[in-house]
2 protein chains.
Amino acid sequence: MKKDISTEEKIKQAASKVFVKKGLAGARMQEIADEAGINKAMLHYYYRSKDKLFHSIFMEVVKEFTPKIIGVLNADLPLQKKIERYVEEYIGMLKNDPAIPLFIFNEMKNNPKEFIEKVGIVESGVLDKLNDQLIEEKRVGNIRFISVHEFMINLVSLCVFPFLAKPMFQGIFNASDDEFYKFMEMRKKSIPVFMMAAIS
Amino acid sequence: MKKDISTEEKIKQAASKVFVKKGLAGARMQEIADEAGINKAMLHYYYRSKDKLFHSIFMEVVKEFTPKIIGVLNADLPLQKKIERYVEEYIGMLKNDPAIPLFIFNEMKNNPKEFIEKVGIVESGVLDKLNDQLIEEKRVGNIRFISVHEFMINLVSLCVFPFLAKPMFQGIFNASDDEFYKFMEMRKKSIPVFMMAAIS
DNA sequence: GTCTATAAAGGGATAGAC
DNA sequence: GTCTATCCCTTTATAGAC
């Protein structure tokens, strides 16, 4: 931990690291304090309880993570380019933080209501532009019909699932981290091909 | 809890339910005891520790779950039928136990080595038959080339990911359990279509 | 704001009666 | 085998000095 950043920032970084790795129930305040290079009492001084600290971190992670996921969807790009950029960015981001999806899905499962209330619906309009685009491409005969929901869940599935299954994947194929990331690098190319073929 | 089953069986059922829901770190021995309708001491009488109980349950869940996943792969079926049956069975199974994938991926992340040692590699031959089939279909021109690894991870992604993301999905689209399962029922049809188009 | 020391609660594990 | 009572370590949280 660098000395030139504020204590609160040190706590945030440390807590984020430990919570993402261990989850709420598995994390220890002592471990977070150690990771931050401070002592436990400071954690309670800045955030009154473990729950509050967790909640704060969780929101921060989610809010940093979700906008990146939907940004490209509204870009003014032809469908194929949009898919390519989306996959490229999404997988690139996950290579830096491979544990985030499992973290989010877990804690969302443990507390679905709060999540929805606090993070709020990703405004229901985000898929509108993409929806129009799919309809238009279908009209001119470039693709067959597919609902925007199915399209999105398939696209996200193909990008994210391997990261969720990373330990199993590496176990079964006896693959190192390097090999796994090389595989995902390949998928930046193969997923768009797969997607385009699937809807053409 | 029924009275006509053995205590050990009651413990297994209760522990399985609680561990799958809460994970190892989040589960409480007291909660398992309550769920089983017995007291904590009995848990230690049958399984010396929480870790041992968890380990036993985890192995049981994995061993019951994985064979079903690979069974169809070696069936003697044309590719399309094989995909259809696979998707049908996999999604059908997950509708009964939607929390299993997250449970397995979580605890595998927490202890990847042990998992590999104990569960063992899903023998490296399981994909051979499917691999041959993909090569043959490519040779006769029915499909384009796709490695058996990509094929499998894509197929599994499309089936499993929605269950991992279930809470988020339901939150974003404000969907009830019924609606979610209806959506997955549709996917039993749409995934095979999507897959076949993607590789043709 | 930051520390040490300690309280208070939680939760896994065991002893011992029946 | 099953229970109650209890031990005792772990972990969260607070008090109080500096």
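Just so it is clear: chains get the letters A, B, ... in the order the sequence lines come, proteins before strands, and each one is counted from 1. What you see below is based on every heavy atom in this structure, not just the backbone, and it leaves out hydrogens, waters and symmetry mates.
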Point to revise | Stems involving DNA chain C, each a run of at least 3 consecutive Watson-Crick or G-U pairs under 3.5 Å | key: C:1-18 with D:1-18
I'd like to check the salt bridge (Lys or Arg N to Asp or Glu O under 4.0 Å) partners of [X]; sequence neighbours left out, ordered by chain and number.
X: A:Lys81; value: A:Glu84
X: A:Lys21; value: none
X: A:Lys17; value: A:Glu35

Review point. Which part of the nucleic acid, if any, lies within contact of A:Tyr47, taking any heavy atom under 4.0 Å across all strands shown: a base, the sugar-phosphate backbone alone, or nothing?
Key: nothing
Check your understanding: What are the two closest non-hydrogen atoms of B:Arg187 and B:Leu158, and how far apart are they?
Key -> NH2-O, 2.9 Å
Verify the contact: side-chain N or O of [X] to OP1 or OP2 of [N], cut-off strictly under 4.0 Å; return yes or no.
X: B:Asn39; N: D:dC3; value: yes
X: A:Ser49; N: D:dT12; value: no
X: B:Tyr45; N: C:dT14; value: no
X: B:His44; N: C:dA13; value: yes
X: A:Thr7; N: C:dG1; value: no

Separation of atom [atom1] in [X] from atom [atom2] in [N], rounded to whole Å:
X: A:Phe54; N: D:dT12; atom1: CZ; atom2: P; value: 13 Å
X: B:Met42; N: C:dC18; atom1: CE; atom2: C1'; value: 14 Å
X: A:Lys50; N: C:dG10; atom1: NZ; atom2: P; value: 13 Å

Exercise for review: Pull out every residue in residues 27-34 of chain B that has a heavy atom closer than 4.0 Å to any atom of DNA chain C, ordered by number, or say none.
Suggested key: B:Ala27, B:Arg28, B:Met29
Review point. When you measure from every atom of DNA chain C, which of residues 16-25 of chain B have a heavy atom less than 4.0 Å away?
Key: none
Give a yes or no on whether the backbone of [Y] and the side-chain of [X] come within a donor-acceptor separation of less than 3.5 Å.
X: B:Lys50; Y: B:Leu24; result: yes
X: A:Lys188; Y: A:Val87; result: no
X: A:Arg144; Y: A:Gly141; result: no

Could you grab the distance from atom [atom1] of [X] to atom [atom2] of [Y], nearest 0.5 Å is fine?
X: B:His55; Y: B:Phe19; atom1: NE2; atom2: CZ; value: 12.0 Å
X: A:Phe151; Y: A:Leu130; atom1: CZ; atom2: CG; value: 5.5 Å
X: B:Asn74; Y: B:Lys129; atom1: CG; atom2: NZ; value: 6.0 Å
X: A:Ile57; Y: A:Gln13; atom1: CD1; atom2: CD; value: 9.5 Å

Check your understanding: Looking only at N and O atoms, is any donor in the side chain of B:Lys40 or the base of C:dG11 less than 3.5 Å from an acceptor on the other one?
Key -> no
Exercise for review: Name the closest nucleotide to the A:Tyr46 side chain, picking from D:dC3, D:dA13, C:dG1.
Suggested key: C:dG1
